[in-house]
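Data first, discussion second: the structure below is written as structure tokens.
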Amino acid sequence: MHNSTSTLRQQLTGMSWFGLLKILMMVFIASLLLTIALPSYAALLKEVTTISLLLVIVLKDLLEAPTAIRRAKASRQHGGNWLQFLAALLPPEFPAVLRLERTMWAGCWQWLTRKTPAAPVPGRVFGFWDKGSYSTIFIVILLALATEVPFSALMVSLMAPDAHTRMLVHGIMLMLTMYSMVWLLGDRYWVRHSCHVLTEDALQLQLGSRSSGVISYAAICSCERFVVDDKQPSWKKFDYPENSIVITPFDKPNLVISLHANAQVQISHFQLQKTDVQQIYLYVDEPGQLTMALQAYLATQEIAVQ
């Protein structure tokens with residue numbers, strides 16, 4: 001019993017809120033399907049599901065309470081206001097989602113008004129737009145969203161005889177489609193106008209509003225080409241190390257940068273600050289050129305130290 005409790009505690013503390021909410025959402029959808037299939041047990045299933053989901057959320061929150069209190073105290077010690085103090089009490093993923101939401105709406109607005117963001121810092125630019133699959137995936141999603149409204153209107157008209165229900169479902173589907181369109185256009189705007197840059201003393205990473213960071217050459221241990229097994233249908237199935245991040249629009253990473261164990265690097269990944277990164281998996285259009293350039297910088301640095 002003690003081992004089971006310890007295992008559950010480790011799983012809950014080690015799992016991010018995003019991962020937990022995904023699981024809870026799947027459980028909720030499964031309970032809805034069971035309710036439809038077993039209408040005689042609908043009340044019992046609804047009660048058990050609600051209590052179980054709330055219990056897991058409360059347990060996760062209680063386990064992370066000491067960490068949240070330490071974050072809040074650190075915020076007050078650094079002169080943060082009450083709003084920052086309250087934000088520190090929340091799981092870090094929640095403020096990150098709000099920041100990402102804000103950038104997506106801002107990106108969509110700037111795309112509509114045809115504004116051009118500031119130019120990247122001077123240096124050697126490495127992009128990920130020309131040879132990647134982002135444009136193709138963007139068009140596919142755009143077409144899917146464009147056909148969603150008439151398709152859902154047809155299906156709802158066939159399945160819902162009540163006029164009020166049809167109007168409600170039409171309104172919800174239209175809002176979801178428009179909201180998805182905002183995210184799609186906002187993400188495209190930021191990704192289209194971003195790139196990675198090699199400067200005189202650091203590698204500056206910038207993938208839209210998803211990922212950004214500055215890595216000094218002194219923090220880099222090695223840079224190598226990376227190839228995922230072609231037998232795997234998706235790069236997501238590769239078992240990446242624990243302290244690693246994947247910075248790519250949609251494509252498989254084609255190089256990996258390893259950092260020193262004592263490297264003080266801070267990378268923003270989906271607006272969430274990462275400080276324990278040891279490996280960075282990147283996709284760029286010219287991985288060979290970036291690898292050779294970084295290796296040349298590292299070799300020059302080693303000679304200077306000697």
Side-chain angles (χ1 to χ4, degrees), residues 13-19 64 67-81 83-104 106-107 117-118 120-126 128 187 190-191 193-224 226 240-249 253 255-284 290 293-294 297-298 301:
T13 54
M15 185 183 300
S16 67
W17 275 96
F18 288 156
E64 294 193 352
T67 305
I69 293 173
R70 287 196 295 269
R71 287 198 306 265
K73 288 182 178 179
S75 175
R76 294 297 295 171
Q77 290 174 357
H78 288 84
N81 54 33
L83 185 60
Q84 293 171 331
F85 175 80
L86 294 176
L89 290 173
L90 296 172
E93 293 90 345
F94 291 176
V97 168
L98 295 178
R99 290 191 295 268
L100 187 62
E101 181 81 21
R102 182 182 61 187
T103 59
M104 290 301 177
V121 296
R124 189 173 177 182
V125 173
F126 290 90
F128 33 74
D187 183 68
W190 293 121
V191 171
H193 294 93
S194 62
C195 59
H196 307 313
V197 182
L198 276 179
T199 64
E200 294 181 356
D201 56 356
L203 169 63
Q204 294 207 4
L205 302 174
Q206 187 70 52
L207 175 60
S209 61
R210 306 187 203 174
S211 304
S212 63
V214 179
I215 307 173
S216 64
Y217 297 135
I220 299 176
C221 177
S222 65
C223 178
E224 301 172 344
F226 175 75
Y240 293 98
E242 183 179 356
N243 295 329
S244 65
I245 59 174
V246 181
I247 301 179
T248 169
L255 63 87
V256 54
I257 299 174
S258 300
L259 306 179
H260 291 292
N262 58 350
Q264 300 294 324
V265 174
Q266 190 172 24
I267 298 176
S268 173
H269 194 52
F270 290 99
Q271 302 297 321
L272 190 64
Q273 298 299 320
K274 301 283 187 178
T275 57
D276 58 347
V277 179
Q278 291 298 308
Q279 288 183 311
I280 304 170
Y281 292 84
L282 285 177
Y283 170 82
V284 292
L290 178 55
L294 269 178
Y297 277 114
L298 296 178
Q301 192 176 56

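Residues take their numbers from the sequence shown, with the count starting at 1.
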Worksheet entry | side-chain contact (heavy atoms from CB on, under 4.5 Å) between H196 and L290, intermediate numbers included | CA-CA 10 Å; H196 307 313; L290 178 55; 5.6 Å; no
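- Heavy atoms only, all atoms of each residue included: T248 and Y283 are closest at OG1-CB, 3.4 Å.
- Heavy-atom minimum distance, F126 versus L198: CE1-CD1, 3.6 Å.
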Show me, pair by pair, the donor-acceptor contacts under 3.5 angstrom made by side chains of residues 200-207, not counting sequence neighbours?
{"unit_1": "D201", "atom_1": "OD1", "unit_2": "T199", "atom_2": "OG1", "d": "3.3"}
{"unit_1": "Q206", "atom_1": "NE2", "unit_2": "G208", "atom_2": "O", "d": "2.6"}

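- Not a single side chain to side chain donor-acceptor pair (under 3.5 Å) links H193 to another residue, sequence neighbours left out.
- Atom CE of M104 sits about 7.0 Å away from atom CZ of R210, to the nearest 0.5 Å.
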Only pairs under 3.5 Å count here: list side-chain donor-acceptor contacts from residues 268-275, not counting sequence neighbours, and write none if there are none.
{"unit_1": "H269", "atom_1": "ND1", "unit_2": "S211", "atom_2": "OG", "d": "2.7"}
{"unit_1": "Q271", "atom_1": "NE2", "unit_2": "S209", "atom_2": "O", "d": "2.9"}
{"unit_1": "Q273", "atom_1": "OE1", "unit_2": "Q266", "atom_2": "NE2", "d": "3.4"}

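- Heavy atoms only, all atoms of each residue included: Y240 and S244 are closest at CB-OG, 3.6 Å.
- Here the straight-line distance linking atom CG of N262 with atom CD of Q264 works out to 7.5 Å at 0.5 Å rounding.
- Side-chain contact between C195 and V197: present, with at least one pair of heavy atoms (C-beta onward) separated by less than 4.5 Å.
- Between the CG atom of L282 and the CD1 atom of I257 there is a distance of 4.5 Å, given to the nearest 0.5 Å.
- By the 4.5 Å heavy-atom criterion applied to side chains, V191 and F128 are counted as neighbours.
- Taking V265 as the reference, I215, A219, L259, A263, I267 meet the side-chain contact (heavy atoms from CB on, under 4.5 Å) condition, with sequence neighbours excluded.
- Every residue meeting the side-chain contact (heavy atoms from CB on, under 4.5 Å) condition with Q278, not counting sequence neighbours, appears here in chain and number order: N243, A261.
- Relative orientation of the Y217 and Y297 rings is parallel, given thresholds of 30° and 60° on the angle between their planes.
- Atoms OG and CD1, from S258 and I280 in turn, are 9.0 Å apart once rounded to the nearest 0.5 Å.
- Within the model, atoms OH of Y281 and CG of L255 stand 11.0 Å from one another, a figure rounded to the nearest 0.5 Å.
- When all heavy atoms are compared, the tightest approach of H260 to A218 is CD2-O, 3.1 Å.
- Every residue meeting the side chain to side chain donor-acceptor pair (under 3.5 Å) condition with E101, not counting sequence neighbours, appears here in chain and number order: W105, Y179, W183.
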